[in-house]
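Shown next, in structure tokens, is the structure this report addresses.
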Amino acid sequence: MIGVDKRNGAVRGSVVFDAIVIALIPLALNALRLLSPEGSKAPAVGLLLLLLTKNLLLLPAVSLQHQRRLYQVDMRAKLDLSVVGMLALYLTLMAISIARALGSIYTLSNTIANMVLALGGFAAIFTAFLTTDTRSERLLLLRAAPVGIALLVFANILGYFVGYSAPPIDNESRLNQTLALFGLQVSRAYFPLSFGTNAFGAIAAVGALSSLLFFPKGRGVSRLFGLVCAGVCLVGLIMVDTRGALVGFILVMVFAKLNKRFPALWRLPANLAFLSPVIPFILYNAFNYINSNALFGGLVRSGSQGASLGVGTGRQYIWAAVGREISEPSLIHAIGYGAFGQVSSRVSLGYAWVFNKLGLTDASVHNAALQAFLDMGYVGLFVWTALGVLIFRKLGGVQMHSDEGGWAAALIAALLLLLVMAQTEAVVTIYTPELLFFFSVVVVAASTLTVEASRSVADDRLRTRGAWPTLRLR
């Protein structure tokens, strides 16, 4: 085929570079925490700008004219614009909320860095996938996302064992209750390159699940590499002892197994996404019931703070404070208060006592939907909900009606775990940039899958009607 060797040598090498950069982003977001607890996002911002600039310069080389000359790619769209458009809208609203916090919350440098992470990260991923032409190249970029999480977890474990362990965030030495079930009396690990234990647990759980699903069963180095990445993430998850993340990982793994046998189960995450704005209030009542029942006393964490907050470690009180804000309608609720809306709205004063030993009044509301409401208002909450429903419905259609159903099922499971984690943590927001970046990679990858499936269905219909099928030269 004319020009294939040239394509493979020049552009494919660029795709490998893109995958390496994607894998380095989570570690780059946290590496400078070794120098100071606050760290700096400058390394990650630099990598994203490098990736974006390189791909913008490369795009003319893979233009339609060049593609026609090489006779090797389908001329139709590579990405499902309804999916990437909704993702772009969500991230644009997030960037606006960040800009609105300039001066009151963020310095100018922090504002620029966070806006680059939100919009620049998406643009870098978008252009990276645009420069791909084959399924293997797109798969390489997708797999780089869990590899990046595994690198971050491994760096934390390594730092912990060589003496860079961070002090307990609440100055209490807490028992690792997961390992205590197996008779091991050790304390929870506090890793040096993590912002908080719960966020780290969510990151590790997502890394473990996606490593298992994105490197499917089979022989070879690829599968072994995926198992190693998953193992590293599971070790980190168990060491940090975030029980919610561990339970979420197990439940979604069970879902992934069942979903392969019963493909119609994709409707479950789609319905959960639709209900996400009301789920925290359902959990509020569930936590209150559990904490009022002595039968569940064994679930309460040890330590004075854990014992006083009960199961959920105070989340029900945080969500109650947000509920009081919602119950007093205001015009600003339409667009929200900007980033760290819990501070600007003074909602955080209603639950600051939950974090009294940390001395915090700016902690997130520990729910992505409620955080979207405070930061971006009802507009942001609607877009957040619509994005979840849209992507699950699109992938569900691929799973039910396409030969790529296995990959669609893997992406559904990965996104479902993010949705589960979003019920108790502000994931897929600027507060957890590692998972926001992972989410962007998975959604853009999913958009390539849904558009390919649409082509396949359209081609099949043309053949069925006796028309000439679209010529697909690859």
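The aromatic rings of Trp384 and Tyr90 sit tilted, their planes meeting at an angle between 30° and 60°. The aromatic rings of Phe214 and Phe438 sit parallel to each other, their planes meeting at less than 30°, with 60° as the upper class boundary. The aromatic rings of Tyr431 and Phe340 sit perpendicular, their planes meeting at an angle over 60°, well past the 30° parallel limit.
Asn156 places a side-chain N or O within 3.5 Å of a backbone atom of Leu193 that can act as its donor or acceptor partner.
To the nearest 0.5 Å, the span separating OG1 on Thr448 from CG on Leu139 amounts to 9.5 Å. Separating the CD atom in Glu434 from the CD1 atom in Ile25 is a distance of 11.0 Å, to the nearest 0.5 Å. The CZ atom of Arg143 lies 11.0 Å from the SG atom of Cys229; values are rounded to the nearest 0.5 Å.
Side-chain N/O atoms of Glu325 and Gln342 include no donor and acceptor closer than 3.5 Å.
Closest heavy-atom contact between Val322 and Val365: CG2-CG1, 3.7 Å. Nearest heavy atom pair, residue Asp375 against residue Ser97, reads O-CB, 3.6 Å. Between Gly244 and Met421 the shortest heavy-atom distance is O-CE, 3.8 Å. Shortest non-hydrogen contact noted between Gly236 and Ile157 is N-CD1, 3.8 Å. Considering every non-hydrogen atom in both Asp80 and Lys394, the closest pair reads OD2-NZ, 3.1 Å. The two residues Val45 and Ala113 make their nearest non-hydrogen contact at CG2-O, 3.8 Å.
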**OP:** Mind running side chain to side chain donor-acceptor pair (under 3.5 Å) on Gln399 and Asn259 for me, showing each step along the way?
**Re:** CA-CA 10 Å; Gln399 183 182 355; Asn259 193 33; 3.2 Å; yes
**OP:** Determine, step by step, whether Gln316 and Asn285 satisfy the side chain to side chain donor-acceptor pair (under 3.5 Å) criterion, reporting the C-alpha distance in whole Å, the side-chain angles of both residues, the deciding distance to 0.1 Å, and the verdict.
**Re:** CA-CA 8 Å; Gln316 62 272 37; Asn285 289 288; over 6 Å; no
Distance-only donor-acceptor hits, side chain of residues 99-107, under 3.5 Å, sequence neighbours excluded:
from   : atom 1 : to     : atom 2 : distance (Å)
Arg100 : NH1    : Ile335 : O      : 3.0
Arg100 : NH1    : Gly336 : O      : 3.1
Arg100 : NH2    : Gly336 : O      : 2.7
Ser104 : OG     : Ala101 : O      : 3.3
Thr107 : OG1    : Ser109 : OG     : 3.2
Thr107 : OG1    : Asn110 : N      : 3.3
Thr107 : OG1    : Asn110 : ND2    : 3.2

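The number of heavy-atom neighbours closer than 6.0 Å to OH of Tyr284, taken from other residues, nucleotides and ligands shown, is 12 or below. Enclosure of atom CZ in Phe154 is not indicated, since only 12 or fewer non-hydrogen atoms of other residues, nucleotides or ligands lie within 6.0 angstrom. Around CZ of Phe281, the count of heavy atoms belonging to other residues, nucleotides or ligands within 6.0 Å exceeds 12.
Put simply, the side chain of Phe249 reaches to within 4.5 Å of the side chain of Leu212, judged on heavy atoms.
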